[in-house]
S.K.: 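Mind having a look at this structure? Questions to follow.
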Amino acid sequence: MRRIAVLTSGGDAPGMNAAIRAVVRTATHHEIEVLGIRRGYLGLVRDAVEPLDSRSVSEIIHRGGTILGTARCEEFRTPEGRAMAQETLRRHGVDGLVAVGGDGTFRGGLLAGQEWSLPIVGVPGTIDNDVAGTDFTIGFDTAVNTALEAIDRIRDTAESLERLFFVEVMGRTRGFIALEVALAGGAKAVLLPEEHTDVPRLCARIRSGLARGWRAIIVVTAEGDDAGGAMRIAAATYRELAMEYRVAILGHVQRGGNPSARDRILASLLGAGAVEGLLAGQRGCMVGQVHDCLVYTPFAELLAQPKPLDTHALRLVDVLAG
Ligand code: ADP
């Protein structure tokens with residue numbers, strides 16, 4: 001293997017830069033050249049390519065976002081688009097591809113891997129943690145910590161005013177962020193897409209909690225909850241409880257910021273693992289970390305079923321609410 005390419009795709013996540021750095025430096029260590037593809041699969045289709053060396057990735061391990069940029073690329077969903085992407089790689093003499101992204105990125109990687117002779121290894125980079133084949137995705141820990149910092153601040157004012165706060169965190173289809181934020185933030189309840197939200201039951205819980213002495217009540221909601229966003233759920237509880245409330249929607253602040261130590265380390269291990277995997281003949285798979293071990297899972301396998309949510313942790317939120 002003489003030359004590989006690296007791209008970041010889908011939603012950006014803190015730690016993607018640390019992953020790029022690890023890919024470039026590991027490849028350089030093995031005397032392999034690296035090309036950076038700009039804006040994910042779009043850069044492959046449009047031939048937006050730049051050489052990366054050890055120095056091009058200096059001073060990026062601590063920066064959020066991705067120096068390569070990322071984009072949604074509709075063309076890559078078509079065989080014609082993927083053929084153009086393959087042509088770009090062929091023209092530049094690329095022998096292997098590292099794709100950092102989420103489920104969508106690996107869906108594209110699965111199809112491309114079936115159509116091309118070129119090996120592709122994926123690295124899980126998304127704040128949502130909704131990728132099977134790895135305990136955690138790059139960016140998740142930072143997003144949880146960012147949301148937690150906001151909750152801690154909200155708690156200060158919630159305690160002083162004895163109010164009900166609804167805090168909406170990211171998670172359109174999965175509740176991994178909401179669950180960890182709720183558990184770490186001492187929330188009284190968590191509402192997420194995996195479970196049906198029963199507003200009267202939530203109100204009954206709040207009423208009985210108040211009777212037991214709850215003062216600051218924080219309810220964490222994932223944006224994709226089946227009862228609607230935090231605004232709608234809060235308004236519905238007001239109709240039953242007539243208790244003053246506030247809503248905080250954290251939104252995109254959760255995406256940015258410097259990656260946490262955990263995310264930098266995970267990105268370093270997985271970025272290096274992707275290159276080592278390519279060298280060892282891995283293809284059509286994603287490198288993840290499961291129980292502290294690097295694991296290569298075929299794209300088809302990890303896309304076949306959704307990553308399970310920790311239901312024990314979910315029940316614990318209620319128990320520890322007191
Ligand atoms: P993520 O990788 O974070 O899940 P997306 O779902 O936006 O983000 O996917 C990133 C890119 O992967 C898309 O813009 C598209 O180019 C490609 N992709 C997603 N799904 C498919 C698919 N079914 N077939 C081919 N390419 C896909």
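Atoms within each ligand, like the ligands themselves, are counted from 1 in listed order. Bear in mind that the values here come from a model prediction, so they are computed numbers and not experimental data.
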S.K.: Of the protein's non-hydrogen atoms, which lies at the shortest distance from atom 7 (O) of ligand 1, and what is that distance?
M.R.: Arg72 NH1, 2.5 Å
S.K.: Between Phe76 and ligand 1, find which residue part has any heavy-atom pair under 4.0 Å and reply side chain, backbone, both or neither.
M.R.: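 For Phe76, the contact with ligand 1 is made by both the backbone and the side chain.
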S.K.: With hydrophobic residues grouped by side-chain heavy-atom distances under 4.5 Å, do Ile60 and Ile138 end up in a single group?
M.R.: yes
S.K.: Show me the donor-acceptor pairs, under 3.5 Å and distance only, between side chains in residues 93-101 and residues at least two apart or in other chains.
M.R.:
| residue | atom | partner | partner atom | Å |
| --- | --- | --- | --- | --- |
| Asp95 | OD2 | Arg2 | N | 2.7 |
| Asp95 | OD2 | Arg3 | N | 3.0 |

S.K.: Should you measure from each heavy atom of Arg107, which atoms of ligand 1 turn up under 4.0 Å away?
M.R.: 20 (N), 21 (C), 22 (C), 23 (N)
S.K.: Let me check something: do Leu183 and Leu314 share a hydrophobic cluster, defined by ILVMFWY side-chain heavy atoms less than 4.5 Å apart, either directly or through other members?
M.R.: yes
S.K.: Quick one: which of Glu87, Gln86, His92 gives a side-chain hydrogen bond (donor to acceptor under 3.5 Å, both in side chains) with Arg90?
M.R.: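 Between Arg90 and the candidates, side-chain hydrogen bond (donor to acceptor under 3.5 Å, both in side chains) is satisfied uniquely by Glu87.
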S.K.: Flag Glu74 as yes when one of its N or O atoms lies below 3.5 Å from any N or O atom of ligand 1, and as no otherwise.
M.R.: no
S.K.: Which residue and non-hydrogen atom of the protein lie closest to atom 26 (N) of ligand 1, and at what distance in Å?
M.R.: Gly108 CA, 3.3 Å
S.K.: Is Gly102 in polar range of ligand 1, meaning some N or O pair under 3.5 Å apart?
M.R.: yes
S.K.: Ignoring hydrogens, just give me the one of Ala99, Gly104, Cys73, Gly101 whose non-hydrogen atom is nearest atom 13 (C) of ligand 1.
M.R.: Cys73
S.K.: Under 3.5 Å between any N/O of Arg77 and any N/O of ligand 1: does that happen in this structure?
M.R.: yes
S.K.: Counting non-hydrogen protein atoms only, what is the nearest one to atom 24 (N) of ligand 1? Give residue, atom name and distance.
M.R.: Leu111 CD1, 3.4 Å
S.K.: Closer than 4.0 Å to some heavy atom of Tyr41 - which atoms of ligand 1 meet that?
M.R.: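 What qualifies from ligand 1 is 12 (O), 16 (O), 17 (C).
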S.K.: Any idea how Phe299 and Phe106 line up, ring-wise: parallel (<30°), tilted (30 to 60°), or perpendicular (>60°)?
M.R.: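 Parallel.
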S.K.: Between Glu195 and Arg315, is the closest basic N to carboxylate O distance under 4.0 Å?
M.R.: yes
S.K.: Could you list the atoms of ligand 1 found under 4.0 angstrom from a heavy atom of Ser9?
M.R.: 10 (C), 11 (C)
S.K.: Under 4.0 Å between a Lys/Arg side-chain N and an Asp/Glu carboxylate O for Arg205 and Asp318?
M.R.: yes
S.K.: At a 4.0 Å threshold, what atoms of ligand 1 neighbour a non-hydrogen atom of Gly11?
M.R.: 3 (O)
S.K.: What verdict does the side-chain hydrogen bond (donor to acceptor under 3.5 Å, both in side chains) test give for Thr70 and Asp12, after you've listed the backbone C-alpha separation in whole Å, the side-chain angles of each residue and the deciding distance to 0.1 Å?
M.R.: CA-CA 7 Å; Thr70 172; Asp12 63 298; over 6 Å; no
S.K.: Decide whether an N or O pair under 3.5 Å exists between Thr105 and ligand 1.
M.R.: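 The answer is yes, given that Thr105 and ligand 1 share an N or O pair closer than 3.5 Å.
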S.K.: Pairs under 3.5 angstrom only: tabulate donor-acceptor contacts from the side chains of residues 271-278 to other protein residues two or more places apart or in another chain.
M.R.:
| residue | atom | partner | partner atom | Å |
| --- | --- | --- | --- | --- |
| Glu276 | OE1 | His30 | NE2 | 3.4 |
| Glu276 | OE2 | His30 | NE2 | 3.3 |

